[in-house]
Amino acid sequence: MRATRVIDEKQQILDDAGYRYHFDRQLYFNRKTKKAFSVEFIEDQSEEEIKQRIQDDPSNKEWHFFFNAGEPSAAVRRELVNALEQ
């Protein structure tokens with residue numbers, strides 16, 4: 001029961017910040033802020049960590065991806081950007 005409540009709270013944080021879920025890519029994304037979070041990242045990070053990453057203001061206006069495994073390769077990055085900007 002606790003795990004479901006934690007996921008619901010994280011979902012609410014993302015919803016409140018304007019993030020949408022991309023079913024095919026299994027990402028939460030926001031086109032305005034150009035940020036995307038993998039489902040695994042959301043599951044594994046604390047609510048505070050997620051809030052901090054959402055609030056961070058990147059110095060550039062490129063897409064920022066948050067995955068447990070780090071930044072995606074250049075090819076994967078291009079593919080994700082194309083999918084998220086459609």
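Position 1 is the first residue of the sequence; numbering continues from there. Note: hydrogens, waters and symmetry copies are ignored here, and every other heavy atom, side chains too, is used.
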Handout entry: Pairs flagged by salt bridge (Lys or Arg N to Asp or Glu O under 4.0 Å) wherever residues 73-84 is involved - sequence neighbours left out
Key =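 Only R25-E79, E62-R77, E71-R77 qualify under salt bridge (Lys or Arg N to Asp or Glu O under 4.0 Å).
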Practice task
Please collect all salt bridge (Lys or Arg N to Asp or Glu O under 4.0 Å) contacts where either partner lies in residues 11-21, sequence neighbours excluded, each pair once.
Solution key: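 For residues 11-21: none.
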Practice task
Could you label the plane-to-plane angle of the Y28 and Y21 rings as parallel, tilted or perpendicular, counting under 30° as parallel and over 60° as perpendicular?
Solution key: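 Y28 vs Y21 ring planes: tilted.
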Practice task
Check the angle between the aromatic planes of F65 and W63 and answer parallel, tilted or perpendicular using the 30° and 60° thresholds.
Solution key: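 Plane angle under 30°, so parallel.
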Handout entry: Polar side chain donor-acceptor pair, Q52 to D56, under 3.5 angstrom
Key =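 Yes, because at least one side-chain N or O of Q52 sits under 3.5 Å from a partner of the opposite role on D56.
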Problem - Centroid-centroid under 6.0 Å between F29 and Y19 rings - result: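 No.
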Nearest heavy-atom neighbours spanning [X] and [Y]:
X: Q45; Y: I50; value: O-CD1, 3.9 Å
X: D44; Y: K10; value: N-NZ, 4.5 Å
X: L27; Y: L80; value: CD1-CD2, 3.8 Å

Got a second to check how far [X]'s [atom1] is from [Y]'s [atom2], nearest 0.5 Å?
X: T33; Y: K61; atom1: OG1; atom2: NZ; answer: 8.5 Å
X: E43; Y: N68; atom1: CD; atom2: CG; answer: 9.0 Å
X: D8; Y: I13; atom1: CG; atom2: CD1; answer: 11.0 Å

side-chain hydrogen bond (donor to acceptor under 3.5 Å, both in side chains) with [X]: which residues, sequence neighbours excluded?
X: N82; answer: none
X: N30; answer: none
X: R53; answer: E49
X: E48; answer: none

Practice task
State yes or no: do F23 and F37 share one hydrophobic cluster built from I, L, V, M, F, W and Y residues joined by side-chain heavy-atom distances below 4.5 Å, directly or via other members?
Solution key: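 Per the 4.5 Å side-chain linkage, F23 and F37 are co-clustered.
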Practice task
Please answer: with hydrophobic residues joined when any side-chain heavy atoms are less than 4.5 Å apart, are V81 and F67 in the same cluster?
Solution key: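 Looking at the clustering, F67 is in the same group as V81.
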